[in-house]
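The analysis underlying the following values was restricted to heavy atoms, covering all of them including side chains, and did not include hydrogens, waters or symmetry mates.
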Amino acid sequence: MPNALLVYPKNPVTFWSFDEALRLVGKKSAFPPLGLLTIAGMMPDDYSLRVVDVNVHSLTDEDLDWADIVITSSMIIHWHSLEEIIAQCNVADVPVLNGGPLPTQYCEDIEGDAVFYLGEAENGFMDVVERLVSEPYQGGREYIDRRGDFQNLSTTPLPSWDLINFDDYTVMVIQITRGCPESCTFCNIPALYGKITRLKNSSRVIQELDALYDRGWRGSVMAVDDNFVGNRDEIRETLEEEVVPWQRERGYPFQLFTQASIRVSDDPALLEAMYLAGFDKIFAGIESPVEESLKFMGAQKNLQGDTPLLDKVKILQEYGMEVQAGFIMGLDTDPDDIADRMIAFIREAGIPVAMVGVLGVLRDTPDFKRYKRLGRLREDVKYTGDSGVFSRELSYVPLIDPDELLARHRKVLETLNSPEIFFERCRTHYAHRARRPIPSMPIGWTELRAGLRSFWHQGVVGTYRWTFWKFMAHMLVHHPRDFGDSIRMSIHGRHLILTTRDALQVDEVQTFLDEALDHLKRFSEGYKEVSVGDYASKLMHALHGRVDHFQDDYRTLQHNAEVMLKAAQEYCELIREEFRHQVAEPLERFQQEIEAILESYPTQSDLQPAR
């Protein structure tokens with residue numbers, strides 16, 4: 001019996017990972033690896049299967065000793081972790097088959113000896129597995145391209161939930177549809193899964209819910225569809241005829257949420273069906289509050305109808321749903337005040353969880369073609385899903401100065417994810433709600449422990465404890481029945497607040513490295529009057545008493561270089577461990593540049609007189 005090890009890569013620490021929230025609730029990851037568990041359901045019974053979710057357990061030598069083959073599924077955010085997994089497999093001489101969106105679009109750029117499967121698993125992969133298991137391991141790279149065919153989802157098996165421990169996760173997941181008919185220029189979903197929304201039949205949806213319910217899951221379930229309402233009529237019928245009765249008969253064991261176009265607000269019948277089915281959250285791709293920017297990215301349909309965009313958000317809230325949303329900055333049509341307009345919109349709308357990022361250009365998208373045609377595509381940059389304060393390397397050349405774009409992004413995050421503004425948006429959300437969601441959050445030991453930890457970390461030792469207690473008091477007075485839900489929301493807020501703080505700290509260190517290097521370069525070129533006071537960053541100002549001037553210019557340069565290098569190392573050590581990799585390479589480059597400046601200085605000083 002062959003042993004197949006299914007490995008899911010590690011999620012990087014970002015706003016999407018909710019690491020700080022997971023610490024409080026005592027879980028290891030937000031979502032289980034649905035793709036791998038579905039692949040497990042496709043494999044023959046004569047295979048012995050194990051799942052290693054690297055977010056839950058590390059991949060060990062013992063795991064690889066057991067495995068005859070490793071199978072991975074990854075998204076673009078997993079690039080670094082996937083390469084580490086492939087390297088481990090190469091050392092252990094275990095064949096590794098990699099599928100998912102990342103290999104499908106970037107297989108040639110991923111390092112390591114491996115087989116890369118391009119396309120959906122439903123197009124057939126077991127012939128590849130059988131060959132890799134039966135043949136002696138030889139290493140090398142191979143590409144299996146089975147893109148282009150999009151199968152009916154009726155052939156997709158149920159996930160093999162028995163391969164994971166539900167207690168490791170905060171949310172369970174199902175998939176009801178695949179594909180998206182929209183034409184957003186930044187999105188690669190149509191290329192990956194097609195522009196036609198494929199929908200599982202209603203009985204199959206109930207089977208998915210039964211599978212979770214029968215294994216004892218109670219709580220949040222996310223429909224991880226690309227656009228839940230890509231086929232509105234069929235979705236509404238499935239909800240009305242199957243999901244609503246199922247939930248009612250069992251006392252609403254699941255709180256449902258999904259990702260959908262903001263235009264769902266234009267369909268009262270569908271919204272009512274979602275409300276009755278137990279949906280309490282929706283993630284909407286609002287993208288921008290600016291009409292010209294929405295048109296630029298092909299999302300102008302967000303504006304269709306007579307209802308203003310802000311009111312569309314409020315309509316969803318009136319149906320008891322918490323609106324979470326994604327926004328994009330860095331478009332050619334963004335006005336100079338885009339940061340202020342985005343902040344104002346998100347605050348007025350009462351969107352607690354607002355994911356604001358700088359545009360990232362993905363392959364197989366209209367944006368990729370657009371920026372390549374214009375000569376503004378940065379093909380030397382490995383885009384891994386985050387730009388802005390998490391990665392200052394942009395995947396394209398913006399029309400404005402990149403530093404100005406990053407400064408605007410920093411302003412938005414620093415403002416929105418400050419404790420005061422976050423909790424303000426929470427209060428606005430509850431004020432906009434016309435009715436409460438039908439399902440209630442189950443209260444067990446896990447929830448009680450999370451609440452106590454939240455009170456301690458935010459209300460006792462937290463730096464924003466008075467803001468936290470003010471919000472809690474407001475909820476007790478004005479929305480007492482939602483007090484438990486407000487604790488959940490505050491836990492999400494803690495993640496956003498602390499992750500923003502840590503990301504901005506990384507950004508400050510990277511800014512310091514740039515400024516310090518510029519300072520030393522200018523001095524070495526003869527600009528002797530350059531001083532720390534000429535710079536605005538607080539980290540540079542902190543060195544004011546440590547830099548010095550001597551009669552010997554080389555001694556001055558050497559002394560100040562040593563001071564700045566030591567300061568850079570100290571600043572990097574203060575960064576949270578999970579973020580330190582973001583400054584490791586810039587710090588190494590900084591040190592190399594300093595060495596180069598010192599080595600070349602005596603020659604330069606002979607050639608360039610002081611100014």
Q) Closest approach of G26 and R449, non-hydrogen atoms and distance? A) CA-NH2, 4.0 Å

Q. Would a 4.5 Å heavy-atom cut-off, applied to side chains only, mark Q255 and V221 as touching?
A. no

Q) Between R146 and N123, which heavy-atom pair has the shortest distance, and what is it? A) O-ND2, 2.8 Å

Q: Quick one: list whatever passes side-chain contact (heavy atoms from CB on, under 4.5 Å) with N90, sequence neighbours left out.
A: I86, D113, Y137

**Q.** Nearest-0.5 Å distance that lies between atom OG in S154 and atom CG in L199
**A.** 11.0 Å

Q) Partners of E573 by side-chain contact (heavy atoms from CB on, under 4.5 Å), sequence neighbours excluded? A) R580

Q. L362 versus F186: any side-chain heavy-atom pair under 4.5 Å?
A. no

Q: Check whether any side-chain heavy atom of M297 sits under 4.5 Å from a side-chain heavy atom of C184, and report yes or no.
A: no

Q: Evaluate the side-chain proximity of R410 to E508: yes if any heavy-atom separation is below 4.5 Å, no if none is.
A: yes

Q: Look at atom CD of E135 and say whether more than 12 heavy atoms of other residues, nucleotides or ligands are closer to it than 6.0 Å.
A: yes

(Q) Going by the rule side-chain contact (heavy atoms from CB on, under 4.5 Å), which residues pair with T170 if we only count those two or more places apart in sequence or in a different chain? (A) L22, V25, K27, A30

(Q) Filter on side-chain hydrogen bond (donor to acceptor under 3.5 Å, both in side chains), then keep only pairs touching residues 29-45, sequence neighbours left out; what's left? (A) none

Q.
Would you say that more than 12 heavy atoms from the other residues, nucleotides or ligands in this model lie under 6.0 Å from the CD of E570, or not?
A. yes

**Q.** Residues which pass ring pair (Phe, Tyr, Trp, His ring centres under 6.0 Å) with F125, listed by chain and number, not counting sequence neighbours
**A.** none

Q: For H457 and I491, indicate whether the former's side chain and the latter's backbone hold a donor-acceptor pair under 3.5 Å.
A: no

Q. Is there a donor-acceptor pair under 3.5 Å between the side chain of Q88 and the backbone N or O of L59?
A. yes

Q: Report yes or no: does E83 contribute a side-chain atom to a donor-acceptor pair with the main-chain N or O of E111 at less than 3.5 Å?
A: yes

Q. Got a donor-acceptor contact below 3.5 angstrom from the N3 side chain to the W66 backbone?
A. yes

Q) What are the two closest non-hydrogen atoms of A325 and I286, and how far apart are they? A) CB-CD1, 3.7 Å

**Q.** Min side-chain heavy-atom separation H78-Y8 under 4.5 Å
**A.** yes

Q: Mark yes when over 12 heavy atoms from residues, nucleotides or ligands other than K195 sit less than 6.0 Å from its NZ; otherwise mark no.
A: yes

Q) In terms of the angle between their ring planes, are H492 and F18 parallel, tilted or perpendicular, with boundaries placed at 30° and 60°? A) tilted

Q: Enter the distance from C180:SG to Q259:CD here, rounded to the nearest 0.5 Å.
A: 8.5 Å

Q | Residues K10, E578: salt bridge by 4.0 Å N-O rule | A | no

Q: For F283, enumerate each residue passing the ring pair (Phe, Tyr, Trp, His ring centres under 6.0 Å) test, keeping only those at least two apart in sequence or located in another chain.
A: W16

**Q.** Sequence-distant partners of E120, salt bridge (Lys or Arg N to Asp or Glu O under 4.0 Å), two or more places apart
**A.** R178, R198

Q. R589 pairs by side chain to side chain donor-acceptor pair (under 3.5 Å) with which of E585, E593, Q592, Q591?
A. E585

Q: State whether the side chain of T238 and the backbone N or O of E234 hold a donor-acceptor pair below 3.5 Å, judged by distance alone.
A: yes

Q | Heavy-atom check, side chain of E595 versus side chain of L598, under 4.5 Å | A | no

Q. Distance-only, no hydrogens or angles: does the S395 side chain make a donor-acceptor pair with backbone N or O of V361 under 3.5 Å?
A. yes

Q | Closest approach of T365 to T185 (non-hydrogen atoms, all atoms of both residues) | A | CB-O, 3.4 Å

Q) For residues 205-219, which residue pairs qualify under side-chain hydrogen bond (donor to acceptor under 3.5 Å, both in side chains), counting only residues two or more places apart or in two chains? A) K200-E208, R204-E208, D210-W246

Q: Assign the ring pair F512 / Y571 to parallel, tilted or perpendicular, where the plane angle (0 to 90°) is split at 30° and 60°.
A: perpendicular

Q: Check the surroundings of atom CG in L374: do more than 12 heavy atoms from other residues, nucleotides or ligands lie under 6.0 Å from it?
A: yes

Q | Student check: side-chain heavy atoms of E379 and K372 closer than 4.5 Å | A | yes

**Q.** Distance-only polar pair, side chains of D225 and T258, donor-acceptor under 3.5 Å
**A.** no

(Q) Return the CD1 to CG distance between I594 and L517, rounded to the nearest 0.5 Å. (A) 7.0 Å

Q. Just by distance, with hydrogens left out, do T156 and E122 show a side-chain donor and acceptor under 3.5 Å apart?
A. yes

Q.
To the closest 0.5 Å, what do you measure between CD (E182) and OG (S261)?
A. 5.0 Å

Q: Could you tell me which non-hydrogen atom of D53 sits nearest to which non-hydrogen atom of Y169, and how far apart they are?
A: OD2-OH, 2.8 Å

Q: Return yes if some donor-acceptor pair links the side-chain N/O of E393 with the main-chain N/O of K382 below 3.5 Å, else return no.
A: no

Q. Which distance, rounded to the nearest 0.5 Å, do you find between the OG1 of T500 and the NE2 of H495?
A. 8.0 Å

Q) For L34, which of I174, I39, V224 qualifies under side-chain contact (heavy atoms from CB on, under 4.5 Å)? A) V224

Q: Sorted by first residue and then second, give each side-chain hydrogen bond (donor to acceptor under 3.5 Å, both in side chains) pair with at least one member in residues 97-107; sequence neighbours left out.
A: T72-N98, Q105-N188, Q105-D364

Q: Might you point out which heavy atoms bring G179 and D226 nearest each other, and give the distance in Å?
A: N-OD2, 2.9 Å

Q) Partners of F257 by ring pair (Phe, Tyr, Trp, His ring centres under 6.0 Å), sequence neighbours excluded? A) none

Q | Donor-acceptor contact below 3.5 Å, side chain Q510 vs main chain Q582 | A | yes

Q: Under the side-chain contact (heavy atoms from CB on, under 4.5 Å) rule, collect the residues that match up with A211, sequence neighbours excluded.
A: W161

Q.
Closer than 3.5 angstrom, by distance alone: can the side chain of E287 be matched with the main-chain N or O of I328 as a donor-acceptor pair?
A. no

(Q) For the backbone of N152 and the side chain of T155, can you confirm whether one donor and one acceptor N or O come within less than 3.5 Å of each other? (A) yes

Q | D63 and T60: CA distance, side-chain angles, deciding distance, side chain to side chain donor-acceptor pair (under 3.5 Å) verdict | A | CA-CA 5 Å; D63 293 324; T60 65; 3.0 Å; yes

Q. Can you name the residues that form a ring pair (Phe, Tyr, Trp, His ring centres under 6.0 Å) with F228, not counting sequence neighbours?
A. F279

Q) Just wondering, do L394 and L405 contact through their side chains at under 4.5 Å, heavy atoms? A) yes

